[in-house]
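This one's a predicted model, so the numbers in the text were calculated from it and none came from an experiment. Both counts, for ligands and for their atoms, begin at 1 and track the order of listing. Numbering of residues begins at 1 and proceeds along the displayed sequence.
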Amino acid sequence: MQKFSELQYCRPDIQAMRSGLAQDAERLKAASSFEDTDAVLRAHDAALREFATMANLASIRNTIDTSDRFYEAEKVFFDTETPKNTPYTLAYDEALLASPFRAEIGRKYGPQLLALTEREAKRLSPVLIESTIEENRLVREYQKLLASCRVQFMGETVNLSGLRRFQQSPDRAVRKAAAAAVSDFLGANAEQLDTLYDQLVVLRNRMGQLMGYDDFTPLGYLRMGRTYEPADVARFRAQVAEELVPVCTELHRRHAARIGVPALKIYDETYQFADGNATPEGDLAFMVSAAQRMYRELSKETGEFFDFMVQYELMDLLTKPNKRVGGYCTSLPAYQAPFIFSNFNGTSADVDVLTHEAGHAFAGRCAGAAQPLLAYASPTLEACEIHSMSMEFFTHPWMELFFGKNADKYRYSHLLESLTFIPYGVCVDEFQHIVYANPALSPAERKEAWHALEAKYLPHRDYDGDAFMEAGGFWQKQQHIYARPFYYIDYALASMGAFEFYGKMQADRAAAWEDYLRLCRAGGSLPYRALLKLANLSDPFEAGGVMRAVKAGVDTLLAADDLALQNERTEERCK
Ligand code: ZN
């Protein structure tokens, strides 16, 4: 493989791809032995890898510079042409499902390949082609709108990611102004943000109905590959609301005391300590070399993985104008190469990228080596997020490399933010359930619904009179809500696994790491709950599951706070 910058992009011949799919379907029907069938499976896998590699390469280069016309056109090409592959994909799927060699396929690849094929056949339909193209177009528009953000702030031109740094300033007035700048940007684009989401909801509702459902939700679940029902998720959310929210409210109260404000406002939420947050102690090169040392020391596997990422330039980390906001990990399957994208802004979030997105990338590399099929390269997203969120915890002992003497502060903040994120995660999920169950809601009614959910899951949140946020607009910068419906509960569910690993690594780190490695290597060869079992993790839907999973984390946070308060009191007495 060449370095990322030298990789040659070539638009795939889509007609050849389609006729290949049609021929593979015919060859499956004509196969007289399992060997013949398997040869088709492997050829099909190779074709998919090639196609996905070019599609992802174009998409990565488009997100790195959204003003590059060439890759924008390529992104439009994939967004428009891929949905039209549907009839060919379905013909292949149906031929595979009708194969007389199903038992042999199951013996060689396990039952998951046919299960995945069945699910794909259920979620795809020629009746959805036009709507899918339109959906992709609307999502592109939303992402372009967010990427277009340019704010003049304290003498710098920054985008939404760049503003985050100022939201952690020790100067409260700066934090407040940075939060206001975000609201101002969203408020100035309110009409377009409302219209885009409204169009997406109406469109997705129609897609659900075209598939014979009452609304979009069942199709949304199929698209996410869910192996559980909305009722299971609702029970999980209820546990969070009843048991975890009160803990978070108490931590919120202590947070205000810690930074010395009478009441915590929205712009104080990411400011963790009276003398400032822990921030990384160097530039990009410093961060990458610290991460390289960390992964080499962590294990042989992680060392090889990160060296590979560095050698082939598989990370684009710095924030810059015209770059899409946020961070993600994707892959170039033809090379077994993950790719990490992010917007470094000088805060501790940059380290989170080097652990979170690197967790995804590491798992992708493990599964790529262990699994024979692209279909098994990665599992459903609530399992993928266990890879990433657990790596954030597994790397805790190396945080001195990034934060020096402030490493304890980082570990504390990271744990706190990971925990208090969970109510927000389920809030986003319930919001989407309400939206898609009630597609006729007006944009203003959707915002009211969001605001009501904030009262339930984030009762301590205080927008300090920010009109846009108090009207319920916060969710409009949450890209998943526009781009990937129902993708968000995944983070809350995965938090359970990650916190469980956090507890296990206190008791027996080596055993926890073995469980984690097994999970990563299994990739998507098993469904979600089977993966949990394989990694010795509990089922988050079980009664009491939430508090059991987060217990070690909560105990650490409360004990650390008690200790800090005690020290303060001792200091007072000494004075
Ligand atoms: Zn992730």
Side-chain angles (χ1 to χ4, degrees), residues 56 59-60 63 139 143 146 161 164 223-226 291 295 302 305-306 309 314-317 319 323-333 337-345 347-368 377-396 414-415 417-422 424-429 432 477-502 516 519-520 522-524 528 531-532 535 537 540 549:
N56 292 351
S59 169
I60 294 166
T63 52
V139 170
Q143 284 169 339
L146 284 201
S161 298
R164 289 227 182 112
R223 282 172 29 163
M224 294 302 294
R226 301 276 185 244
Y295 284 120
T302 48
F305 145 75
F306 203 78
M309 300 297 287
L314 295 164
M315 296 181 277
D316 192 285
L317 300 172
T319 187
K323 195 168 173 176
R324 208 187 92 184
V325 296
Y328 67 79
C329 172
T330 184
S331 71
L332 302 167
F339 189 91
I340 294 177
F341 169 101
S342 93
N343 280 275
F344 270 20
N345 58 9
T347 69
S348 64
D350 301 351
V351 175
D352 301 341
V353 169
L354 289 172
T355 56
H356 181 101
E357 301 303 344
H360 285 306
F362 174 65
R365 203 61 198 144
C366 289
S378 64
T380 41
L381 292 168
E382 72 293 80
C384 285
E385 298 302 340
I386 302 179
H387 303 150
S388 53
M389 295 173 128
S390 306
M391 186 65 99
E392 296 175 29
F393 288 134
F394 275 114
T395 50
H396 265 195
H414 173 253
L415 199 55
E417 283 171 9
S418 303
L419 189 80
T420 52
F421 165 81
I422 299 167
Y424 173 71
V426 299
C427 185
V428 169
D429 180 66
Q432 299 188 78
K477 65 188 169 88
Q478 190 63 63
Q479 295 189 64
H480 306 67
I481 296 178
Y482 284 75
R484 300 289 298 271
F486 292 114
Y487 179 10
Y488 217 71
I489 193 65
D490 305 76
Y491 295 103
L493 290 172
S495 297
M496 301 297 113
F499 269 102
E500 220 179 324
F501 269 129
Y502 177 80
Y516 175 75
L519 177 72
C520 292
Y528 172 55
L531 286 170
L532 291 177
L537 294 171

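With hydrogens and angles ignored, the 3.5 Å screen pairs no side-chain donor or acceptor of N343 with any backbone N or O of G327.
Here C329 fails the criterion, with no N, O or S atom under 2.8 Å of the Zn ion (ligand 1). At a threshold of 2.8 Å, the Zn ion (ligand 1) has a backbone or side-chain N, O or S atom of H360 nearer than that distance.
Note: H396 and Y502 have perpendicular aromatic rings, judged against thresholds of 30 and 60 degrees for the angle between ring planes. In this pair, F501 and F394 present their aromatic rings tilted. The plane angle is within the 30 to 60° band.
The N, O or S atom of E385 lying closest to the Zn ion (ligand 1) is OE1.
Aromatic rings from F499 and F393 are positioned such that their centres are separated by under 6.0 Å.
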